[in-house]
Structure formats: C-alpha cells, structure tokens
Peer 1: 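One structure, pasted below without further comment.
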2 protein chains.
Amino acid sequence: MSRDPVRPDFEPFIALAEKAGRALRSDMLDHAHRAGFTEVAPSHNAVFGTLPPEGSRAADMAIRSGITRQSMGEAVRDMVGLGILEMVPDPTDRRAKIVRYTDYGKRIAQVGFDHIVAVEELLREEFGAEDLATTRRVLARVRELLAAGPEGPVPLAVSPGGPD
Amino acid sequence: MSRDPVRPDFEPFIALAEKAGRALRSDMLDHAHRAGFTEVAPSHNAVFGTLPPEGSRAADMAIRSGITRQSMGEAVRDMVGLGILEMVPDPTDRRAKIVRYTDYGKRIAQVGFDHIVAVEELLREEFGAEDLATTRRVLARVRELLAAGPEGPVPLAVSPGGPD
DNA sequence: AATATTCGACAGGTAACCTTACTTTATCAG
DNA sequence: CTGATAAAGTAAGGTTACCTGTCGAATATT
C-alpha cells in the first residue's frame with residue numbers, strides 16, 4: 001500500500017515550456033495557411049529552419065535539424081513535389097544534390113521569417129526587452145543544462161522494484 | 001525571380017522554446033528510465049499530468065490534457081497492461097470507470113513529480129527565483145497571446161499566388 | 001416514453017519520425 | 001592502381017502518438 005503520490009504545488013516548468021512551444025508552432029503553421037500556403041506541413045519546419053538562401057545538401061540539413069538523412073530526404077522530396085524546393089546536381093560531388101528554394105518557396109519562407117519577426121516584436125511590446133532577454137537566456141541555458149550527456153544532469157538514487 | 005528570403009538575425013523564440021521543451025521532456029523520460037521504469041512512454045505523460053491521486057474518468061483526463069477520449073483511452077489501456085493503472089467501475093455511473101494508480105504506478109508518478117521538483121530547484125539555483133518567475137510568466141502569457149481564437153493574433157496581408 | 005447525450009471501446013487512418021538495407025560515387029591506405 | 005571504407009541519396013517497412021468515425025450500453029433531458 002503506497003502513499004498517494006505528492007504532486008508539485010506549482011505548474012511544472014516543462015508544462016509551461018511545452019504549452020508555449022506548441023502554441024508558437026501552431027501559430028506559425030496557421031499563419032502560413034492563412035497566408036494561402038495551405039500545403040505547408042509541420043514536417044517542413046526542419047527544412048525552413050536549416051535551408052540557407054544559397055542552398056544546401058539534404059544530409060547537412062538533416063544534421064543541423066537533428067533528424068535522420070532519410071527523414072530529411074522525405075521532407076525535401078515532398079516539398080519538391082509541392083513546388084517549394086528544387087534539387088540540382090552538386091557539380092563538386094556527383095553523389096550529392098543541392099537543395100534550393102524555388103521562387104515560390106522563397107515567398108513561403110519569407111512569410112514565415114516575417115512572422116517570426118512579428119512575433120518577436122509582439123513579445124517585446126508585451127514584456128519589454130529586458131524580460132524577453134531574460135526568458136531567452138533561461139530557455140537557452142535550460143537546454144544546455146539538460147543536454148548533459150546520456151546520464152542527464154540530475155542525479156538519482158532509487159530502487160524501483162516491479163509491478164508485482 | 002524572387003529575392004532571397006531574409007532570415008531573422010536572432011534565434012527565433014519558437015526555436016528556443018521548442019528546444020528547451022524537447023530537452024525537458026526527454027530529461028523527464030530519461031529520468032524515469034534510469035530509475036528503472038523503462039516501460040514509461042511519452043504518451044503516458046497525458047496520464048501522469050492529469051490523473052489525480054483519488055482517480056478520475058478517462059474522458060475527464062482527455063479534456064484536461066487536450067487530447068481525444070480515444071487517445072486517452074488507448075494510453076490508459078496501455079498503462080493498465082503495464083501494471084501502472086487500474087480501472088474500477090464508477091459506482092455513480094455504470095457507463096464509466098474510474099482510472100487509478102496501482103501501488104506500482106504511484107511509485108512511478110512519485111519519481112516523476114520528485115524530478116519536476118528537482119529540476120525546479122536546479123533552475124532556481126542557476127537563475128535565481130526572480131528570473132525564473134519572469135520566464136514562467138512570459139511562457140504562460142505567450143500561450144495566452146497566441147491562443148486567441150482560430151484567426152490567431154498577428155494580422156496578415158499577403159497575396160500568396162501559386163507555384164506556377 | 002422517446003430522444004439526445006455521454007462513456008468507453010473498436011476499427012481504421014495519418015503524420016512524422018525511425019531502422020535497415022541498397023546503389024552510386026568519392027576518398028584513402030597500402 | 002587497387003581494394004576497403006565511407007558518404008549521398010533512396011527505398012521499404014516499422015513505430016509512435018495522435019486522429020476520425022462508429023458502435024453498444026447507460027444515463028440525461030424533454
């Protein structure tokens with residue numbers, strides 16, 4: 001007969017971060033859709049976030065966005081089919097292809113980047129530059145603190161036992 | 001021939017929030033696994049976050065966590081199969097069942113809640129109570145600002161055109 | 001009593017990833 | 001130069017965490 005689990009009496013930081021993150025992400029997607037680019041899908045984020053204007057290899061973009069080469073390849077092929085991207089052979093390496101925005105894709109990317117700037121301004125108006133900077137610093141550091149290798153940062157001493 | 005898209009010259013807030021959120025989430029899961037509860041899956045979060053000690057109906061938990069009744073039902077059945085939860089008939093409504101932690105499940109939940117508290121303390125030590133409070137406030141408000149109905153908060157005037 | 005609603009479950013679908021395995025091309029060690 | 005190794009892209013198939021649609025049983029509403 002175990003005691004009832006004792007919950008924290010505050011809203012967990014993880015809950016706050018995830019809810020804000022989800023709100024921001026769906027706002028980005030909604031914005032693209034409202035702008036008429038209804039074909040933009042969540043998986044395209046990994047492309048928009050890592051494809052520089054001059055183009056890039058899919059494998060490099062995969063590394064930068066932290067997904068597999070295969071997943072990136074799928075997203076890229078999808079977006080090629082939608083007319084957002086094009087792939088041209090890399091003259092310096094015949095295995096490789098350079099992924100680039102089409103003119104249409106550039107317009108979509110621009111709408112997204114503009115919205116990022118608009119949200120940034122909205123937040124600065126709401127909270128002031130200082131509090132916003134604090135939040136940015138905390139979020140960036142949280143990531144560093146918790147990304148401390150496979151063992152994680154917060155130590156542990158528990159004997160779990162089993163269900164039986 | 002469109003101009004190259006102009007990227008923001010700062011790290012987008014959405015990127016910061018999502019990376020921090022992902023780090024926090026995977027830290028929670030890793031912690032449970034390191035504690036020996038290797039069967040805990042990401043989808044169980046919706047349960048741990050909404051199941052009070054005295055038990056609850058799955059439908060209520062679904063509403064609280066913002067997923068469908070069906071998805072919550074699936075997570076609950078999964079966790080019943082793992083010995084984490086049990087379902088007992090609701091004496092006040094013969095359609096319904098009350099979902100409760102087993103003793104084993106209570107131990108898992110406690111480990112998770114303790115870790116939330118430990119992370120909170122880690123963050124307070126790192127940043128101080130004030131900056132942490134600022135961050136919490138900003139994150140909570142971001143969610144409110146962006147959850148402003150189906151039209152979203154940031155206005156828009158674009159003529160998208162098409163790929164051709 | 002008739003109708004509408006709610007509860008949990010079942011069936012089936014989808015999106016965004018993943019792993020494994022392959023072909024083609026490039027590079028490097030001897 | 002040759003053979004091993006590795007890297008780029010792709011194909012095939014699996015997993016996870018959701019979704020919609022629908023159902024029977026039980027409960028509420030009128």
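Residue numbers start from 1 in every chain, and the chains themselves are labelled A, B, ... in the order their sequence lines are given, proteins ahead of strands.
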Peer 1: Just how far, in rounded Å, is C1' of C:dG8 from CD of B:E86?
Peer 2: 17 Å
Peer 1: I need the CD1-P distance between B:I67 and C:dG8, as an integer number of Å.
Peer 2: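 It is 13 Å, rounded to the nearest whole Å.
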Peer 1: Is any side-chain N or O of B:S71 closer than 4.0 Å to OP1 or OP2 of D:dA17?
Peer 2: no
Peer 1: Check the distance between C:dA15's C1' and A:H44's NE2 and give it to me in whole angstrom.
Peer 2: 11 Å
Peer 1: Phosphate oxygens OP1/OP2 of C:dA9: is one of them under 4.0 Å from a side-chain N or O of B:R77?
Peer 2: yes
Peer 1: Nearest nucleotide by nearest heavy atom, which residue falls closer to the 5' end of DNA chain D, A:M87 or A:R95?
Peer 2: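 Going by which nucleotide is closer to the 5' end, it is A:R95.
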Peer 1: How would you label the contact of A:R69 with the nucleic acid (heavy atoms, under 4.0 Å): base, sugar-phosphate, or nothing?
Peer 2: base
Peer 1: From CD of B:Q70 over to P of C:dT14, roughly how many Å is that when rounded to an integer?
Peer 2: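 After rounding, the reported distance stands at 16 Å.
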Peer 1: Can you tell which of D:dC18, C:dC7, C:dC17 lies closest to the side chain of A:S43?
Peer 2: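 Selected nucleotide: C:dC17.
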Peer 1: Please test B:R77 against B:E74 for salt bridge (Lys or Arg N to Asp or Glu O under 4.0 Å), starting from the C-alpha separation and ending with a verdict.
Peer 2: CA-CA 5 Å; B:R77 276 192 300 279; B:E74 200 180 335; 5.6 Å; no
Peer 1: Have a look at A:D93 and say if it touches a base, only the backbone sugar-phosphate, or nothing, with a 4.0 Å heavy-atom cut-off.
Peer 2: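 Contact class for A:D93: sugar-phosphate only.
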Peer 1: A:D78 has an atom CG; how far is it from atom C1' of D:dG9, in whole Å?
Peer 2: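 Value for this atom pair: 17 Å.
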Peer 1: Given 3.5 Å as the limit, does a donor-acceptor pair link the side chain of A:T102 with the main chain of A:G83, or not?
Peer 2: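 Yes, because the side chain of A:T102 sits within donor-acceptor range (under 3.5 Å) of the backbone of A:G83.
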Peer 1: Please tell me if the side chains of A:M28 and A:H115 come closer than 4.5 Å, counting only heavy atoms from C-beta onward.
Peer 2: yes
Peer 1: Return whichever of A:T92 or A:T68 has its heavy-atom-nearest nucleotide of DNA chain C closer to the 5' end.
Peer 2: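 Of the two residues, A:T68 wins.
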Peer 1: For the aromatic rings, using the six-membered ring if either is Trp, is the centroid distance between B:F37 and B:Y104 under 6.0 Å?
Peer 2: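 Centroid distance B:F37-B:Y104: below 6.0 Å, so yes.
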Peer 1: Are B:E120 and B:R136 close enough that some pair of their side-chain heavy atoms sits under 4.5 Å apart?
Peer 2: yes
Peer 1: Where the side chain of B:P42 is defined as all heavy atoms beyond and including C-beta, which of C:dG8, D:dT10, D:dA17 is the nearest nucleotide?
Peer 2: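 Closest nucleotide among those given: D:dA17.
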Peer 1: Over how many whole Å does the gap from A:D60 atom CG to D:dG9 atom P extend?
Peer 2: 8 Å
Peer 1: If I take atom CE in residue B:M72 and atom P in nucleotide D:dA17, what distance separates them, rounded to the nearest angstrom?
Peer 2: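 After rounding, the gap between these two atoms is 13 Å.
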Peer 1: Nearest whole Å is fine: how far is C:dG8 P from B:I63 CD1?
Peer 2: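 Taking CD1 of B:I63 and P of C:dG8, I get 10 Å after rounding.
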Peer 1: With respect to the phosphate group of C:dA26, does any side-chain polar atom (N or O) of A:R94 fall under 4.0 Å of OP1 or OP2?
Peer 2: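 So the side chain of A:R94 is within the cut-off, an N or O lying under 4.0 Å from OP1 or OP2 of C:dA26.
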